[in-house]
Amino acid sequence: MFRFKSLMSWIIFLHVVVVIATAIFMPLILYWFLSTAANDLHNQAMRKQAEAIAQYLVPRAEGGWTFNLPLDLHDLYSEAYGRYAYAILDDTGRTLFSSRADKIPIFDLNSHAAEAEYLNIRSGNKIIAGASVRKQLAGRTIWVQVAEDLAHQDVIIDDIVADFFQRVGWVTLPILLVLLAIDIFIFRRAMMPLIRASEEAQHISPAKIDVRLTYDGIPSEILPLVTAVNEALDRLEKGFQRQREFTADAAHELRTPLAILRTRIETLPDQSIVKSLHHDIEGMSRVVSQLLDSAELDTFVVNPDESVDLQLVCAEVAELIAPLALAQGKTITIGGARDPIWIRGNAEMLHRAVRNLVENAINHTPKDTAVEIELTADGFVSVLDRGQGIADAECEVIFQRFWRRDRRQAGGAGLGLSIVKRIVDAHGGTIAIKNRPGGGAWFSVHFVRS
Ligand SMILES: Nc1ncnc2c1ncn2[C@@H]1O[C@H](COP(=O)(O)OP(=O)(O)OP(=O)(O)O)[C@@H](O)[C@H]1O
Ligand SMILES: [Mg+2]
């Protein structure tokens with residue numbers, strides 16, 4: 001079956017169908033009720049009139065009847081007025097008295113009829129409706145027939161019914177349309193908490209898994225869904241937590257065997273093997289400590305009260321890396337601002353970020369090239385090298401964990417830049433990659449000044 005994608009369109013469609021059906025059937029049903037009620041009233045009135053006329057009929061002792069209608073009633077039933085008529089018949093159907101000059105019974109006599117019969121005939125442009133009432137007077141049966149011409153100009157009951165039909169028909173439609181508008185309004189209001197909840201859900205990410213949908217204003221019909229989503233998020237958060245703990249624990253547990261390995265190697269007799277094994281163990285230790293850094297960063301939040309001198313951090317990193325650079329015939333220089341540059345952040349984390357960038361500039365560039373650290377007073381720190389640079393297509397993937405341009409090459413695990421990115425993000429900073437004129441990569445990080 002055809003279904004609307006939007007709940008709102010579905011509701012509006014159903015409403016319009018109901019509005020049309022109601023606009024058609026409601027006036028018809030009301031019209032039927034009203035005309036039935038009007039008909040009943042008319043029948044009763046006719047019967048009462050027949051009973052009233054019967055009171056003026058007096059049986060004579062010698063047989064026959066005396067019938068003296070008061071003048072006002074006489075006028076009412078006169079042919080000149082033309083609205084009402086009466087006829088009094090005996091049980092053979094012979095007319096005894098009649099308001100009509102032709103003395104013809106108003107209705108054909110039905111001797112099997114009940115005590116009162118209501119009849120309706122149409123002749124010409126006249127609609128004759130009335131009652132035929134059976135009476136027992138002095139042991140004789142007579143019939144009193146009274147009728148009214150409904151087409152007479154003084155009869156208003158038909159006009160009322162017809163008028164009602166038109167009016168109700170026209171009033172129903174606007175009322176139903178107003179109801180439709182109110183329903184749409186109510187529905188939109190009811191949907192508001194749901195729209196708000198979906199906006200809240202958009203903020204949930206692996207980095208921000210502690211967000212929960214608020215229960216405020218959520219309709220009770222939707223509440224189970226919101227509760228289920230929040231419970232699912234609880235379980236996800238626990239899963240994430242366990243994974244983080246596992247990475248941290250695994251990295252931590254690896255440190256002891258590595259230390260034992262290091263001391264055991266020392267005891268080996270062949271010193272040339274010891275040297276190359278040491279190099280391998282250093283590589284492994286680095287990966288293990290990068291994994292620990294990574295796990296730590298997952299839950300790291302900057303303390304807003306902490307400030308760091310970016311200038312000092314860069315100087316420390318340069319000093320730390322200088323021996324490594326010198327061993328490869330490279331130089332490290334710090335240029336730009338010389339005064340302290342205070343930024344909001346964690347010294348240990350910023351040190352890691354800058355160190356990783358400088359290590360990359362040393363490790364991924366050819367021998368005998370220069371590495372520059374450039375600082376500006378407004379919180380920019382740039383690391384520039386003379387290596388092959390970063391292709392445009394690599395600018396996004398380079399920050400992914402374990403991404404390396406050349407996997408066959410020995411070296412790190414490809415975690416360094418992902419750590420840098422997360423440290424920068426945690427500090428509310430930005431990182432950009434450019435290629436230098438004349439070749440080489442240019443990593444530029446901007447931190448917020450305190
Ligand atoms: N300055 C650079 N010049 C050219 N290529 C670079 C530069 N810095 C990083 N890269 C490329 O990006 C890759 C990812 O760098 P990343 O620092 O994340 O990992 P890594 O240095 O390989 O290992 P580690 O986890 O030890 O840092 C590197 O393997 C390298 O191919
Ligand atoms: Mg690196």
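- Salt-bridge check for Arg422 with Asp298: passed, with a basic side-chain N closer than 4.0 Å to an acidic carboxylate O.
- Between Leu233 and Val211, the shortest heavy-atom distance links the atoms CD1-O, 3.7 Å.
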Side chain to side chain contact (heavy atoms under 4.5 Å, CB included), that's the test. Do Arg407 and Arg404 meet it? Break it down for me.
CA-CA 6 Å; Arg407 297 199 152 267; Arg404 290 187 297 157; 4.2 Å; yes
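- To the nearest 0.5 Å, atoms CZ (Arg355) and CD1 (Ile419) are separated by 8.5 Å.
- In this structure, the side chain of Thr376 engages the main chain of Phe380 through a donor-acceptor pair within 3.5 Å.
- In terms of heavy-atom proximity, Ala85 sits nearest to Arg100 at CB-CD, 4.2 Å.
- With hydrogens and angles ignored, the 3.5 Å screen pairs a side-chain donor or acceptor of Arg449 with a backbone N or O of Ala377.
- Salt bridge present: Arg352 and Glu296 bring a charged side-chain N and a carboxylate O closer than 4.0 Å.
- Using a 4.0 Å cut-off between charged nitrogen and carboxylate oxygen, Arg212 and Asp234 count as a salt-bridge pair.
- Gln145 and Ile106 make their closest contact through OE1-N, 3.0 Å (heavy atoms, listed as atom of the first residue, atom of the second, distance).
- The shortest non-hydrogen separation linking Leu109 to Asp90 is CD2-O, 4.0 Å.
- A donor and an acceptor atom, one from each side chain of Glu79 and Tyr84, are nowhere located under 3.5 Å apart.
- When all heavy atoms are compared, the tightest approach of Val146 to Phe107 is O-CE1, 4.2 Å.
- For the residue pair Ser418/Gln400, the side-chain donor-acceptor check at 3.5 Å is not satisfied.
- Put simply, CG on Asn120 and CD1 on Ile127 are 8.0 Å apart, with the number rounded to the nearest 0.5 Å.
- With 3.5 Å as the limit, one finds no donor-acceptor pair spanning the side chains of Ser307 and Arg344.
- In this structure, Phe67 and Phe97 have tilted ring planes: the angle between them lies in the 30° to 60° band.
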Using salt bridge (charged side-chain N to carboxylate O under 4.0 Å, His left out), reason through Arg286 and Glu359 one step at a time and then give a plain yes or no.
CA-CA 12 Å; Arg286 189 180 150 73; Glu359 274 175 353; 2.8 Å; yes
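- Between the CD1 atom of Ile24 and the CD1 atom of Ile29 there is a distance of 11.5 Å, given to the nearest 0.5 Å.
- Salt bridge annotation for Glu372-Arg436: present, with a cationic side-chain nitrogen under 4.0 angstrom from a carboxylate oxygen.
- In summary, the side chains of Asn39 and Tyr118 do not present any donor paired with an acceptor at a separation below 3.5 Å, with no hydrogens or angles considered.
- Shown are Leu119, Leu150, Asp149; of these, the side chain to side chain contact (heavy atoms under 4.5 Å, CB included) with Ile128 is made only by Asp149.
- Salt-bridge annotation for Glu115 and Arg47: present, with a side-chain N of the basic residue lying under 4.0 Å from a carboxylate O of the acidic one.
- The shortest heavy-atom contact between Ala50 and Val133 is CB-CG2, 3.7 Å.
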Run the side-chain hydrogen bond (donor to acceptor under 3.5 Å, both in side chains) test on Thr214 and Glu200 for me, step by step, so that the C-alpha distance in whole Å, both residues' side-chain angles and the decisive distance to 0.1 Å come before the verdict.
CA-CA 8 Å; Thr214 43; Glu200 284 171 352; 2.7 Å; yes
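- Using modelled atom types and a 3.5 Å distance limit, the side chains of Arg255 and Ser285 yield no donor-acceptor pair.
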For Asp163 and Arg167, run salt bridge (charged side-chain N to carboxylate O under 4.0 Å, His left out): C-alpha distance rounded to whole Å, both residues' side-chain angles, the deciding distance at 0.1 Å, then the answer.
CA-CA 6 Å; Asp163 203 42; Arg167 275 167 203 253; 3.0 Å; yes
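- Taking the six-membered ring for Trp and thresholds of 30 and 60 degrees, Trp10 and Phe13 have nearly parallel ring planes, at less than 30 degrees apart.
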Mind running side chain to side chain contact (heavy atoms under 4.5 Å, CB included) on His427 and Asn346 for me, showing each step along the way?
CA-CA 8 Å; His427 284 79; Asn346 177 280; 4.1 Å; yes
